[in-house]
Chemist: 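Handing you this structure, nothing more for now.
A quick note: this is a predicted structure, and the numbers were derived from the prediction, not measured.
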Amino acid sequence: MSTPSSTSCRCAWRRARPWRPPRPLRPDGIAELFVSGAIVDIHDKRLHLSVHQAGELRLTSGRLVAADPSSLEFDAEPFTVSVPAGAYPVSISLATFLDDPGHSRVCAARLDVNDRPTVRWELALRDGQEPIDLGHREFFGFGVDAGMACFVDADARERMKDVWLTLDGLIDPRHRTIDSGAMVVWSSGWGDGAYPTWIGYDATESVTCFVADMLLFPTDNDEDDD
């Protein structure tokens, strides 16, 4: 019986791909979702991005909740990162199909805390969530079962829990501000699913914004998948 030479063993080792730890979903291209006029290709379609102002959200406690408005009663814990109480502008990124101008989808919703440049992003977490527990391309996010998502202050959850029953879908327009800024609601990308929220930080480590990503486009170009 012949045995492999040391040379052949070394060649086999070189051909094997090195092991790398799994990477959770990354916030690739989040800022670009809010470049009005940008053209994005997805599969065989081209989409035009536009940015729309949805008014101001009142954060009376400074603790933001991103959730399906139909789940505020039982699954809507605020993020661990809070901001000073106040009213903050919300923008909606909308993608419209160039070959079907009547067809549009919400890419993301952004709550702006300050106007300084964002230099880094991190995943928004709730109590008990740890990034180390995430596998490859996994994320902690909020679930959607009613085709809608919202931003609301933690103190307004109970009062706003039945508002979704008055919303007969969100087709035109794709977003709405409720009760003079107590809630901002929008249609959730392709529909039901789970969606992450990213927190932007400036160079001084102050929060610049929260972005609920509707995962309309691929966001993770991890070279491990090549």
Side-chain angles (χ1 to χ4, degrees), residues 27 30-31 33-34 51-94 106-131 139-144 146 148-167 170 173-188 194-214:
I30 296 299
L33 294 178
F34 292 88
V51 180
H52 305 263
Q53 304 306 311
E56 292 188 330
L57 179 73
R58 298 198 312 270
L59 290 181
T60 55
S61 72
R63 297 178 299 152
L64 180 65
V65 172
D68 181 331
S70 71
S71 70
L72 291 179
E73 188 174 9
F74 54 87
D75 183 28
E77 292 301 312
F79 298 126
T80 56
V81 173
S82 61
V83 296
Y88 296 98
V90 176
S91 303
I92 302 294
S93 173
L94 197 66
V106 173
C107 303
R110 185 183 69 202
L111 182 144
D112 288 311
V113 177
N114 69 53
D115 59 2
R116 292 189 289 273
T118 297
V119 299
R120 74 175 184 90
W121 300 92
E122 69 176 28
L123 184 64
L125 303 173
R126 299 175 179 179
D127 282 335
Q129 295 177 337
E130 296 292 341
F139 60 88
F140 291 114
F142 60 93
V144 168
M148 294 179 287
C150 75
F151 282 151
V152 65
D153 186 83
D155 285 351
R157 286 173 297 182
E158 178 65 23
R159 179 168 60 88
M160 305 300 290
K161 64 183 177 65
D162 293 327
V163 166
W164 70 279
L165 295 170
T166 68
L167 302 173
L170 287 171
R174 287 282 184 177
H175 59 87
R176 202 168 301 168
T177 301
I178 309 298
D179 192 16
S180 300
M183 174 190 286
V184 176
V185 60
W186 61 90
S187 60
S188 55
Y195 301 99
T197 301
W198 306 101
I199 305 176
Y201 290 88
D202 65 20
T204 69
E205 290 298 301
S206 295
V207 174
T208 59
C209 61
F210 292 82
V211 176
D213 182 5
M214 296 293 99

Chemist: Quick check against the 3.5 Å criterion: does Ser93 have a side-chain atom that pairs as donor or acceptor with the backbone of Leu33?
Modeler: yes
Chemist: When you measure from the side chain of Arg157 to the backbone N and O of Val152, does any donor-acceptor pair fall under 3.5 Å?
Modeler: no
Chemist: Might you point out which heavy atoms bring Thr177 and Glu56 nearest each other, and give the distance in Å?
Modeler: CG2-O, 4.4 Å
Chemist: Think Arg63 forms a cation-pi with Phe79, using NZ or CZ under 6.0 Å from the six-ring centre and within 45 degrees of its axis?
Modeler: no
Chemist: Return the CZ to NZ distance between Phe74 and Lys161, rounded to the nearest 0.5 Å.
Modeler: 11.0 Å
Chemist: May I have all residue pairs that pass side-chain hydrogen bond (donor to acceptor under 3.5 Å, both in side chains) and include part of residues 64-75, sequence neighbours excluded?
Modeler: Asp68-Ser70, Asp75-Arg126
Chemist: Measure from the side-chain N and O atoms of Arg58 to the backbone N and O of Ser180, and report whether any donor-acceptor pair falls under 3.5 Å.
Modeler: yes
Chemist: I'd like to check Val184 versus Cys150 (side-chain heavy atoms, cut-off strictly below 4.5 Å). Are they in contact?
Modeler: no
Chemist: Which is it for Phe140 and Leu123 under the side chain to side chain contact (heavy atoms under 4.5 Å, CB included) test, yes or no, and what are the steps along the way?
Modeler: CA-CA 8 Å; Phe140 291 114; Leu123 184 64; 4.2 Å; yes
Chemist: Using side chain to side chain contact (heavy atoms under 4.5 Å, CB included), reason through Leu111 and Leu57 one step at a time and then give a plain yes or no.
Modeler: CA-CA 8 Å; Leu111 182 144; Leu57 179 73; 3.4 Å; yes
Chemist: Restricting to side-chain hydrogen bond (donor to acceptor under 3.5 Å, both in side chains), what partner residues turn up for Thr60, sequence neighbours left out?
Modeler: Asp153
Chemist: Set out, in order, the CA-CA distance, both residues' side-chain angles and the distance that settles side chain to side chain contact (heavy atoms under 4.5 Å, CB included) for Arg110 and Phe34, then state yes or no.
Modeler: CA-CA 9 Å; Arg110 185 183 69 202; Phe34 292 88; 3.3 Å; yes
Chemist: Measuring only between side-chain heavy atoms, which start at C-beta, is Leu64 closer than 4.5 Å to Leu59?
Modeler: yes
Chemist: Pair up each side-chain donor or acceptor in residues 84-92 with any protein partner under 3.5 Å, not counting sequence neighbours, and list the distances.
Modeler:
{"unit_1": "Tyr88", "atom_1": "OH", "unit_2": "Pro84", "atom_2": "O", "d": "2.5"}
{"unit_1": "Ser91", "atom_1": "OG", "unit_2": "Gln53", "atom_2": "OE1", "d": "3.2"}

Chemist: To check you understand the geometry: which heavy-atom pair defines the closest contact between Thr208 and Pro117, and what is its length?
Modeler: CG2-O, 4.1 Å
Chemist: Any non-hydrogen side-chain atom of Phe210 less than 4.5 Å from a side-chain atom of Val113?
Modeler: yes
Chemist: Would Leu72 and Trp164 count as a side chain to side chain contact (heavy atoms under 4.5 Å, CB included) here? Give the steps.
Modeler: CA-CA 10 Å; Leu72 291 179; Trp164 70 279; over 6 Å; no
Chemist: Can you name the residues that form a side-chain hydrogen bond (donor to acceptor under 3.5 Å, both in side chains) with Tyr201, not counting sequence neighbours?
Modeler: Glu122
Chemist: To check you understand the geometry: which heavy-atom pair defines the closest contact between Ile30 and Pro27, and what is its length?
Modeler: CG1-O, 3.3 Å
Chemist: Between Tyr195 (side chain only) and Ser188 (backbone N and O only), is there a donor and an acceptor less than 3.5 Å apart?
Modeler: yes
Chemist: The criterion is side-chain hydrogen bond (donor to acceptor under 3.5 Å, both in side chains); which residues satisfy it with Asp202, sequence neighbours excluded?
Modeler: Arg116, Thr204
Chemist: Which residues satisfy the side-chain hydrogen bond (donor to acceptor under 3.5 Å, both in side chains) test with Asp179, sequence neighbours excluded?
Modeler: Arg159
Chemist: Less than 4.5 Å apart, any side-chain heavy atom of Arg174 and any of Ser187?
Modeler: yes
Chemist: Minimum heavy-atom separation for Ala194 and Phe139, please, with both atom names.
Modeler: O-CZ, 3.4 Å
Chemist: Short question: side chain of Thr118, backbone of Arg120 - any donor-acceptor pair under 3.5 Å?
Modeler: no
Chemist: To the nearest 0.5 Å, tell me how far Ile178 CD1 sits from Leu167 CG.
Modeler: 5.0 Å
Chemist: Rounded to the nearest 0.5 Å, what separation is found between the CG atom of Leu125 and the CD1 atom of Ile199?
Modeler: 7.0 Å
Chemist: Measure across Ala76 and Ala67 and return the closest heavy-atom pair with its distance rounded to 0.1 Å.
Modeler: CB-CB, 4.1 Å
Chemist: Please find the pair of heavy atoms, one from Ala66 and one from Thr197, that lie closest to each other, and give the distance.
Modeler: CB-OG1, 3.7 Å
